Novice: 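Quick one: this structure, given as structure tokens, is what I'll be asking you about.
Heavy-atom basis, side chains included; hydrogens, waters and symmetry copies ignored. Quick note on labels: first sequence line is chain A, next is B, and so on, each numbered from 1. These numbers were taken from a predicted model, which means no experiment stands behind them.
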There are 2 protein chains.
Amino acid sequence: MKNYDHILKKLKEKGIRPSYIRVRIYSYLEESRIHPTVDEIYEFLSKEILTLSKTTVYNTLKLFTEKGLAQQLNIEGNELRYEAIRGFHGHFKCEKCNSIYDMKISQLEFEDDISEFVINEEQVLVTGVCPKCN
Amino acid sequence: MKNYDHILKKLKEKGIRPSYIRVRIYSYLEESRIHPTVDEIYEFLSKEILTLSKTTVYNTLKLFTEKGLAQQLNIEGNELRYEAIRGFHGHFKCEKCNSIYDMKISQLEFEDDISEFVINEEQVLVTGVCPKCN
DNA sequence: ATTACTGCAAATACTTTGCATACCG
DNA sequence: CGGTATGCAAAGTATTTGCAGTAAT
């Protein structure tokens with residue numbers, strides 16, 4: 001049995017009631033590191049939580065996103081991927097195998113004056129071919 | 001009547017037969033600078049090209065993307081936006097009014113060794129609140 | 001008892017596919 | 001004529017919504 005204590009704490013801090021499903025979804029986001037789609041989360045967890053519905057996965061991810069625990073990733077055009085919030089980093093998507101890698105990237109440098117803009121989030125997506133496929 | 005000569009030339013260079021519809025779609029991408037969705041392109045052009053179908057817009061944009069004339073932008077989760085290929089730049093999306101701005105950004109600096117990766121494309125998406133809405 | 005959470009089914013939104021018609025060289 | 005472009009309708013896929021049942025405080 002895993003230890004979910006730090007997740008319980010994290011959810012409570014954000015004012016989210018740590019139901020079993022929520023904890024499991026967050027745990028999967030945090031551990032899998034695969035930037036999963038809703039479907040991938042659902043497929044994985046529904047094997048253990050047999051009554052789980054996709055609606056709940058959607059609801060939960062929406063809640064996490066609003067409360068700043070998770071982030072929507074616009075990687076493919078047709079589907080959303082999610083990841084647990086961590087430090088700034090970019091993503092690399094392989095066009096051949098569709099794997100997604102994390103990439104360390106220096107902080108963005110804006111060449112315009114952006115002092116009037118409020119910035120909440122920065123996403124970097126690099127597309128190409130990964131070493132395995134090359 | 002607009003001068004479409006440079007577009008005709010561009011399409012021909014890429015081996016694309018410059019039908020009227022294709023020229024108009026490219027022209028709209030190039031001029032509007034609004035990073036339009038398929039729907040926006042369709043709504044705009046179908047006022048003048050009454051028989052235009054969305055399928056054709058989809059087909060054309062797919063063709064442009066494959067031939068390197070246009071780029072798919074993953075800005076919202078649920079829909080694709082397109083822009084004519086220009087130099088590297090980022091996009092800012094306002095959470096309140098949903099406008100999309102272009103942003104000048106310095107070249108990305110990777111902190112990992114990426115020599116084994118082939119990089120074809122880089123997208124930067126910044127989210128927040130724009131001056132008008134702030 | 002009240003509020004919040006979960007889940008099914010239906011509805012919506014976006015995109016793709018199959019096929020028929022129209023156009024161009 | 002032969003190949004390409006266009007367009008309609010249907011199918012496919014992802015997400016959201018409405019509502020009812022369930023669990024938690």
Side-chain angles (χ1 to χ4, degrees), chain A residues 4 7-8 11-12 14-28 34-67 69-82 98 100, chain B residues 4 7-8 11-12 14-29 35-67 69-82 98 100:
Chain A
Y4 294 127
I7 297 179
L8 289 173
L11 297 190
K12 280 182 200 160
K14 298 284 185 176
I16 299 172
R17 275 210 323 227
S19 71
Y20 181 64
I21 290 177
R22 286 170 175 172
V23 172
R24 290 300 305 274
I25 291 177
Y26 188 84
S27 167
Y28 185 68
I34 60 167
H35 319 86
T37 61
V38 169
D39 212 61
E40 283 164 352
I41 298 169
Y42 173 76
E43 285 305 323
F44 180 84
L45 288 179
S46 63
K47 282 172 191 144
E48 294 178 37
I49 308 170
L50 298 173
T51 60
L52 184 65
S53 87
K54 264 191 201 173
T55 304
T56 300
V57 180
Y58 277 105
N59 287 340
T60 303
L61 291 168
K62 191 170 172 237
L63 182 67
F64 286 175
T65 302
E66 285 164 3
K67 299 287 187 174
L69 279 178
Q71 189 178 15
Q72 287 189 349
L73 302 178
N74 305 113
I75 290 184
E76 335 260 338
N78 52 340
E79 63 190 8
L80 286 171
R81 291 180 173 272
Y82 286 86
N98 290 313
I100 295 162
Chain B
Y4 294 126
I7 296 180
L8 289 173
L11 297 191
K12 280 182 197 157
K14 298 284 184 176
I16 298 172
R17 274 208 328 227
S19 71
Y20 181 65
I21 289 178
R22 286 169 175 174
V23 172
R24 290 300 305 275
I25 291 178
Y26 188 83
S27 167
Y28 185 67
L29 275 185
H35 319 86
T37 61
V38 169
D39 212 63
E40 282 165 352
I41 298 169
Y42 173 77
E43 285 305 324
F44 180 84
L45 289 179
S46 63
K47 282 174 189 141
E48 294 177 37
I49 309 170
L50 297 173
T51 60
L52 184 65
S53 87
K54 264 190 200 175
T55 304
T56 300
V57 181
Y58 276 107
N59 287 340
T60 304
L61 291 169
K62 191 171 172 236
L63 182 67
F64 286 174
T65 303
E66 284 164 4
K67 301 285 188 178
L69 279 177
Q71 189 179 15
Q72 287 190 350
L73 302 178
N74 304 114
I75 290 183
E76 335 260 337
N78 52 337
E79 64 191 6
L80 286 171
R81 291 179 173 272
Y82 286 87
N98 289 314
I100 293 162

Novice: To the nearest 0.5 Å, tell me how far A:Tyr4 OH sits from A:Tyr20 OH.
Specialist: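 Reported value, rounded in 0.5 Å steps: 5.5 Å.
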Novice: How about B:Val57 and B:Asp39: do any of their side-chain heavy atoms sit closer than 4.5 Å?
Specialist: no
Novice: Name the first nucleotide and the last nucleotide along DNA chain C (5' to 3') that come under 4.0 Å of a heavy atom in chain A.
Specialist: C:dA4 to C:dA9
Novice: Using modelled atom types only, decide if a donor and an acceptor are shared between the side chain of B:Glu48 and the backbone of B:Leu45 within a distance under 3.5 Å.
Specialist: no
Novice: Less than 4.5 Å apart, any side-chain heavy atom of B:Tyr82 and any of B:Gln72?
Specialist: yes
Novice: What are the atom names and distances for every N/O pair under 3.5 Å that joins the protein to nucleotides 19-25 of chain D?
Specialist:
none

Novice: Considering heavy-atom distances to DNA chain D, does B:Asn78 or B:Ile21 have its closest nucleotide positioned more toward the 5' end?
Specialist: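 The 5'-side residue here is B:Ile21.
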Novice: Strictly distance-based, threshold 3.5 Å: is any side-chain N or O of A:Ser46 a donor or acceptor partner for the main-chain N or O of A:Tyr42?
Specialist: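 Indeed, once roles are kept as given, a pair shorter than 3.5 Å links the two residues.
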Novice: Output the residues of residues 43-64 of chain A in contact with DNA chain D, where contact means a heavy atom of the residue under 4.0 Å from an atom of the strand; sort by number or write none.
Specialist: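 Within residues 43-64 of chain A, the residues near DNA chain D are A:Thr55, A:Tyr58.
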Novice: Quick one: CG on B:Leu63 to CD1 on B:Ile16, what's the gap to the nearest 0.5 Å?
Specialist: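 Result: 4.5 Å between the selected atoms.
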Novice: Could you tell me whether the side chain of A:Arg22 and the main chain of A:Arg17 form a donor-acceptor pair under 3.5 Å?
Specialist: yes
Novice: Here's a test for you: under side chain to side chain contact (heavy atoms under 4.5 Å, CB included), which of A:Leu50, A:Ile49, A:Thr55 qualifies with A:Leu52?
Specialist: A:Ile49
Novice: Within this structure, what is the CG-OG1 distance for the pair A:Leu73 and A:Thr37, rounded to the nearest 0.5 Å?
Specialist: 11.5 Å
Novice: Using whole Å, what does the distance between atom P of nucleotide D:dA14 and atom CG of B:Asn74 come to?
Specialist: 15 Å
Novice: Under the 3.5 angstrom rule, does the side chain of B:Arg81 hit a backbone N or O of B:His35 as a donor-acceptor pair?
Specialist: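 Yes, B:Arg81 side chain to B:His35 backbone: donor-acceptor pair under 3.5 Å.
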